[in-house]
Structures are given as structure tokens and as C-alpha cells.
Novice: 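Handing you a structure now.
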Amino acid sequence: GLDSLPHCGAVVVLLTLAGMTHKDSYKQIFVTTVVITLIVAAIGIALGLAAGYFRGIWETVVLRVVDVFMSFPSNVFALVLVAVFQPSVALLTIVIGVLSWVSFAKLIYSQTISVKEKEYVEAAKALGNSDGRILVKYILPNVMAPIWITFTLHLGMGILIESGLS
């Protein structure tokens with residue numbers, strides 16, 4: 001029956017929400033997913049900015065941790081954790097959070113390296129702005145477009161993962 005439907009995120013989300021029988025369950029899933037995505041984005045953005053701007057030891061440590069997390073099959077890891085521990089919203093939040101921050105970190109890392117070389121960032125350094133001010137005022141606003149796209153993709157993915165593991 002559903003094989004003829006296009007494989008797009010909106011159809012999957014609508015079918016997921018329509019399949020839930022409890023009135024408030026979709027609200028809980030959506031709110032939990034938004035909170036998880038905000039936390040994951042904050043962690044990934046902070047680590048990606050630090051690794052891309054400061055380079056050196058920050059870059060090495062953050063990217064090695066990202067590589068370790070990317071080497072695990074995330075669906076299998078999530079299923080094992082849910083099977084071993086008693087399923088709960090807190091466990092689900094932790095599992096999705098631990099597995100999802102790496103895409104934000106890698107994306108922001110690469111964007112930060114690109115933006116860091118722009119003339120306005122060099123001018124801000126020459127004017128004596130602190131590293132924190134340069135990151136917040138000059139680099140972060142210029143890497144926001146991919147953040148918004150990744151954020152919305154993570155919302156849909158989070159809803160699907162949470163629905164599948166519930």
C-alpha cells in the first residue's frame with residue numbers, strides 16, 4: 001500500500017504521528033526531540049567552533065572523539081542500550097544525544113576553518129578583539145545557514161529514532 005508514496009521526510013513524519021494512538025504521545029516525542037536537538041546542537045557547535053578556530057590540540061582531540069563516535073553503528077548501539085537498560089525518556093534522550101552531536105561538530109568545524117580565513121575576521125583580530133568575541137560576533141553568524149539545515153534534519157531523524165525505540 002505505501003510503496004507508491006515518495007520517500008520524503010514529511011510523509012514519514014505524518015505517518016509516524018498518525019500511527020500513535022495516545023493523544024499526548026506525539027507531543028512528548030516532539031518536545032523531547034526538540035530538547036535533544038537543541039542540546040546536541042549546542043555541544044556540536046561549541047566543539048566545532050573550538051576545533052576549527054583554535055586548531056592544534058583542540059582540533060586533534062575533538063576530531064578523534066568524533067571519529068570514535070562515528071565508528072559505532074548508531075542504530076545497533078541504541079538498540080543495545082535500550083535492551084540492556086529499562087526504556088525511558090531519559091535513556092532515549094541520552095542515547096540520541098550521544099550519537100547525534102558529531103554531525104554538528106564536523107559541519108561547524110569545516111565551516112569555521114573556511115570563515116576564519118576571511119578578511120573581516122583578520123581585521124577583527126588586528127583591532128584587538130578577543131577570541132570569544134570573534135567567535136560569537138564574526139564567525140558564528142556566518143556559519144548559521146548550515147546549522148539551521150542540520151537542525152531541521154535532526155528534528156526529523158530524532159522523531160524517527162525516538163518512535164522506533166519507544
Side-chain angles (χ1 to χ4, degrees), residues 5-54 58-59 61-115 132 135-166:
L5 286 175
H7 298 290
C8 65
V11 171
V12 173
V13 170
L14 288 175
L15 290 174
T16 303
L17 294 176
M20 297 177 191
T21 56
H22 190 265
K23 182 180 177 184
D24 293 328
S25 63
Y26 73 91
K27 291 178 187 174
Q28 179 183 3
I29 287 176
F30 185 73
V31 168
T32 304
T33 303
V34 169
V35 170
I36 291 168
T37 307
L38 286 171
I39 293 168
V40 164
I43 293 168
I45 290 168
L47 291 175
L49 281 172
Y53 185 77
F54 296 113
W58 277 99
E59 178 182 34
V61 170
V62 169
L63 292 182
R64 290 315 134 237
V65 171
V66 165
D67 289 342
V68 167
F69 275 95
M70 290 181 81
S71 68
F72 290 118
S74 57
N75 291 340
V76 174
F77 185 65
L79 285 173
V80 167
L81 286 179
V82 169
V84 170
F85 300 106
Q86 184 176 2
S88 68
V89 174
L91 176 66
L92 202 54
T93 303
I94 292 169
V95 168
I96 295 171
V98 164
L99 299 175
S100 300
W101 67 271
V102 294
S103 61
F104 277 101
K106 281 194 84 97
L107 175 69
I108 300 307
Y109 164 75
S110 63
Q111 292 292 312
T112 302
I113 289 174
S114 174
V115 171
L135 282 169
V136 171
K137 189 171 181 183
Y138 297 100
I139 294 179
L140 185 60
N142 290 294
V143 299
M144 284 304 290
I147 291 173
W148 290 120
I149 294 167
T150 306
F151 187 83
T152 56
L153 290 173
H154 272 267
L155 284 177
M157 186 175 60
I159 289 171
L160 291 174
I161 292 171
E162 192 170 350
S163 298
L165 294 177
S166 295

Novice: Working to the nearest 0.5 angstrom, can you tell me the gap between Leu160 CG and Leu155 CG?
Specialist: 11.0 Å
Novice: If I take atom CD1 from residue Ile108 and atom CD1 from residue Ile139, how far apart are they, to the nearest 0.5 angstrom?
Specialist: 11.0 Å
Novice: Closest heavy-atom contact between Val66 and Ala105?
Specialist: CG2-CB, 4.2 Å
Novice: Which heavy-atom pair separates Thr112 from Val143 by the least distance, and what is that distance?
Specialist: N-CG1, 4.2 Å
Novice: Supply the atom-to-atom distance Ser100 OG to Ile39 CD1, rounded to the nearest 0.5 angstrom.
Specialist: 11.5 Å
Novice: Once salt bridge (charged side-chain N to carboxylate O under 4.0 Å, His left out) is applied, what residue pairs with a partner in residues 75-102 remain, sequence neighbours excluded?
Specialist: none
Novice: Once you round to the nearest 0.5 Å, how far does CD of Gln111 lie from CG of Asn142?
Specialist: 10.0 Å
Novice: How long is the gap from CD1 on Ile113 to OH on Tyr109, to the nearest 0.5 Å?
Specialist: 3.5 Å
Novice: Please give me the minimum heavy-atom distance between Ala51 and Glu59, naming the atom from each residue.
Specialist: O-CB, 3.7 Å
Novice: Show me the pairs that pass ring-ring contact (aromatic ring centres under 6.0 Å, His included) and involve residues 143-162, at least two apart or across chains.
Specialist: Phe104-His154
Novice: In the structure I gave you, are the side-chain heavy atoms of Leu140 and Leu135 within less than 4.5 Å of one another anywhere?
Specialist: no
Novice: Just checking Met70: does its CE atom have more than 12 heavy atoms from other residues, nucleotides or ligands closer to it than 6.0 angstrom?
Specialist: no
Novice: Is it the case that the side chain of Thr150 and the backbone of Ile147 share a donor-acceptor pair, with hydrogens and angles ignored and the cut-off at 3.5 Å?
Specialist: no
Novice: For a side-chain contact (heavy atoms from CB on, under 4.5 Å) with Arg64, tell me which candidate from Val68, Asp67, Val62 qualifies.
Specialist: Asp67
Novice: Please report whether the ring centroid of Phe69 lies less than 6.0 Å from that of Trp101.
Specialist: yes
